[in-house]
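First the structure, in the form of structure tokens, and then the observations on it.
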Amino acid sequence: MSNCSYLFDSFPVEIMHMIFDYLSICDILHGFFNLSSYIDSIIFNYNFTKINFRSILKYDFDLICENINPKQMISLILSDGIDTPNQSDLFLSLFKIEEFYLSLHCLVLEDINDESMEIIVNHLNQFHNLSSLTIINNNLSPLSILKSLFCRLIRLNISCEWFFHNLTLMKELKHLKLFNQCTLNQFENIIHHTPNLISLNICLERDHIEKIQIINCNLTRLVLNMSSSQMNMNYMKDFLSCFPCLIYFEIECRSDLDLCDGYGWERFLLEKLFYLKIFYFKFQLRSTVILNTIAIQNILQSYSTSYWLNEKQWFIAIEWNQRLIYSIPRFSCESADSTFRPPFHCTISDNSIFYNHINALALWEETRNRFVNVKELWLIDDPLRINLENIIDLNQIQRLIFVSSKSELSIETLINLINKMRNLNFIQFNNIPLSFYEYKQNIQIQQIHSIEILKEFKSFSLIETLNKIFPQLQRLQIKIQTYEDIEKILKIFSKSLSIVRFYCDTSNILINKKFIQNILNHSNFTFAIDNNSIRLWIGLNKVSNQLYLKEKKTTGCFSWSYLRKSILKR
């Protein structure tokens, strides 16, 4: 690492900032922190725009909070999600919220508990430079302080029914995303209260008798989910005529047959939406519409003009059995199995677009098709029966899922698969393979950081073997029966695990913080209990934390080759 230190010490601050711009905060701290006083001084004066605590490892969270000043935090994501219980409480105990008044520009709050949410919201109006806010929390209380904050935001993403009933004039707002469904009247109200809005993502529910009022709006981007509402072409024309500046338009809805007329859309778009560059749609035809061969051919022909295929290069497909007409590849299938076939009716001749859009694939037999972008692979029955390299790009696989079958997975088969999948980091077993009993070799697989086991394990010797084979496990999901199982598993894995979820009947298992503390020999963790699981977020004690940082440096957990590739790619 001394050579790296010498190299980077010769770089000007501006160059180091450019390098940091391509990396996450964890990459920066693991790869550059403590290399030299020069590099450290650059880190301590760099403004971090990508601090994402969503599903983060506890020891990485600690590393960031211990070494980064609040004044450096420009963008922040806080989450009390499944993987990080009570994160917001811990964060607020480590920092004074007043320290973020001037620095924070972008804030995301996901599933934050009520107490933390109230504390943060009551201070939001003092975040003088905050321009982007995301709140995913349907239980948000109606506070007047939010109304005054909304007036100066540029970007707002919110999941909260209260928002629709407390609208205020938001002149600065340019980007708005609403996760709750709203009525047409509420939609019109939003448009009237956001005169400078240019991007809107919304779920809209329309009553059949309602008609949109004439409104003037300069929206350039509109994403519309109306999957619960029936639409026809006449209504759609009236609706879209209110948005003549649209450049990007996306819609999902139930539809009459006239909405699937490419000729009609072409005439309307040329007349009313001539700025439109991107048009994605997914139309679910109502059950009374009859789609025979002639009707399908007429629809395809209407979307096969020079306007659609050459000028705009907008392509569509028809799923006759599902009564779907949709833009490709935007609404093409993302998951498939061995029997996958692309849509027979479409306006594009190259079927590879459908195979390339698949990112999750289940295989139980050979197929002649090739899927080059699969990230999640489900293997059913014996994987040796299938020549995977002819079907997928093994280097793309990140998640590997074994489905229970008659054949037993051998360790040799598992190791051979993992060695061919350079980016694999997650494995799911239905059961821990019984072949683990026979494990004798001293083989360690360092790249697997996450494992999920769906059924109860048969013995703790299998757990111990699992830990020997995968010594770098950071995330574990496993089914248990008693609190004694928790104790034994944590003692086996306690050196490396950070995110743990025990599936169980929690009504029969009583644990508290002291119980977990006695197992871990430290108190650097949080936990939560719900109806069917116990969730732990575990950090390291001080001594272990120093060893962890040292190991990160010496074992190359940060990839310098990755850094080079990232920069060259940009």
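Position 1 is the first residue of the sequence, and the numbers go up from there.
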Result of checking Tyr59, Phe525, Phe61, Phe53 against Trp537 for ring-ring contact (aromatic ring centres under 6.0 Å, His included):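 The single option meeting the ring-ring contact (aromatic ring centres under 6.0 Å, His included) with Trp537 is Phe61.
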
Residue pair Ile411, Ile443: steps toward the side-chain contact (heavy atoms from CB on, under 4.5 Å) verdict: CA-CA 10 Å; Ile411 292 182; Ile443 297 176; over 6 Å; no

Approximate separation, where rounding is to 0.5 Å, of [X] [atom1] and [Y] [atom2]:
X: Ile448; Y: Ile418; atom1: CD1; atom2: CD1; answer: 4.5 Å
X: Ile135; Y: Ile120; atom1: CD1; atom2: CD1; answer: 9.0 Å
X: Ser116; Y: Leu90; atom1: OG; atom2: CG; answer: 10.0 Å
X: Cys203; Y: Met226; atom1: SG; atom2: CE; answer: 10.5 Å
X: Asn52; Y: Ile25; atom1: CG; atom2: CD1; answer: 10.5 Å
X: Leu414; Y: Asn419; atom1: CG; atom2: CG; answer: 9.5 Å

Flag the pair [X] / [Y] as yes when at least one side-chain heavy-atom distance between them is below 4.5 Å, and no otherwise.
X: Leu23; Y: Phe32; answer: yes
X: Phe527; Y: Val500; answer: no
X: Asn67; Y: Phe33; answer: yes
X: Leu204; Y: Ser229; answer: no
X: Asn467; Y: Leu473; answer: no
X: Asp485; Y: Phe502; answer: no

Leu178 vs Ile158, side-chain contact (heavy atoms from CB on, under 4.5 Å): CA-CA, chis, key distance, verdict: CA-CA 5 Å; Leu178 301 173; Ile158 191 165; 3.3 Å; yes

Is [X] reaching over with its side chain to a backbone N or O of [Y], donor-acceptor style, under 3.5 angstrom?
X: Asn373; Y: Asn359; answer: no
X: Thr49; Y: Ser75; answer: no
X: Thr526; Y: Pro85; answer: yes
X: Glu319; Y: Tyr326; answer: no
X: Gln126; Y: His123; answer: no
X: Ser103; Y: Pro70; answer: yes
X: Ser523; Y: Gln517; answer: no
X: Ser338; Y: Trp364; answer: yes

Minimal non-hydrogen separation, [X] against [Y], with atom names:
X: Ile358; Y: Ala336; answer: CD1-CB, 3.7 Å
X: Ile64; Y: Cys26; answer: CD1-SG, 4.0 Å
X: Ile499; Y: Leu57; answer: CD1-CD2, 4.3 Å
X: Leu388; Y: Leu379; answer: CD2-CD2, 4.0 Å
X: Glu487; Y: Phe515; answer: CB-CZ, 4.3 Å
X: Ile77; Y: Gln87; answer: O-OE1, 4.2 Å

Kindly check if the number of other-residue, nucleotide or ligand heavy atoms within 6.0 Å of [atom1] ([X]) is above 12?
X: Asn395; atom1: CG; value: yes
X: Tyr503; atom1: OH; value: yes
X: Ile82; atom1: CD1; value: no

Any side-chain donor near an acceptor of the partner, Asp89 and Asn113, under 3.5 Å: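 Indeed, the side chains of Asp89 and Asn113 share at least one donor-acceptor pair under 3.5 Å.
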
Under 3.5 Å side-chain donor-acceptor pair for Asn225 and Ser227: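 Ser227 and Asn225 do have a side-chain donor-acceptor pair below 3.5 Å.
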
For Phe127, all residues meeting ring-ring contact (aromatic ring centres under 6.0 Å, His included), sequence neighbours excluded: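 In terms of ring-ring contact (aromatic ring centres under 6.0 Å, His included), with neighbours along the sequence ignored, Phe127 is linked to Tyr101.
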
Option from Arg501, Arg535, Arg54, Arg475 for which salt bridge (charged side-chain N to carboxylate O under 4.0 Å, His left out) with Asp83 holds: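 Filter result, single survivor: Arg475.
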
Holding to side chain to side chain donor-acceptor pair (under 3.5 Å), I want the full list of residues that pass it with [X], two or more places apart in sequence or in another chain.
X: Gln447; value: none
X: Ser335; value: none
X: Glu334; value: none

Partner residues of Gln396 under the side chain to side chain contact (heavy atoms under 4.5 Å, CB included) criterion, sequence neighbours left out: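 Scan of Gln396 (side chain to side chain contact (heavy atoms under 4.5 Å, CB included), adjacent residues dropped) gives Lys375, Asp393.
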
With sequence neighbours excluded, residues passing side chain to side chain contact (heavy atoms under 4.5 Å, CB included) with Leu384: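 Result, side chain to side chain contact (heavy atoms under 4.5 Å, CB included) vs Leu384: Asp382, Thr413.
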
side-chain contact (heavy atoms from CB on, under 4.5 Å) between Lys420 and Ile397, intermediate numbers included: CA-CA 10 Å; Lys420 294 176 181 179; Ile397 303 300; over 6 Å; no

salt_bridge(Glu464, Lys468) N-O dist < 4.0 Å: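 Judged by the 4.0 Å cut-off on N to carboxylate O distance, Glu464 and Lys468 do not form a salt bridge.
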
Stepwise side-chain contact (heavy atoms from CB on, under 4.5 Å) check, Phe470 with Leu476: CA-CA 11 Å; Phe470 305 106; Leu476 176 67; over 6 Å; no

Ring centroid separation Tyr355 to Phe340 under 6.0 Å: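 Close enough - the centres of the two rings lie under 6.0 Å apart.
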
Phe91-Phe100 aromatic ring centre distance below 6.0 Å: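 Judged by ring-centre distance (under 6.0 Å), Phe91 and Phe100 do meet the cut-off.
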
Test side-chain contact (heavy atoms from CB on, under 4.5 Å) applied to His522 and Leu540, Ile538, Ile516, the passing residue: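 It is Ile538; the other options fail the test.
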
Test applied, side-chain contact (heavy atoms from CB on, under 4.5 Å); reference residue, Lys177; option that passes from Thr134, Ile202, Asn157, Leu200: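 Of all the options given, the one that passes is Asn157.
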
Residues Gln444, Gln446; criterion side-chain hydrogen bond (donor to acceptor under 3.5 Å, both in side chains); working and verdict: CA-CA 6 Å; Gln444 293 186 338; Gln446 305 284 341; 3.2 Å; yes

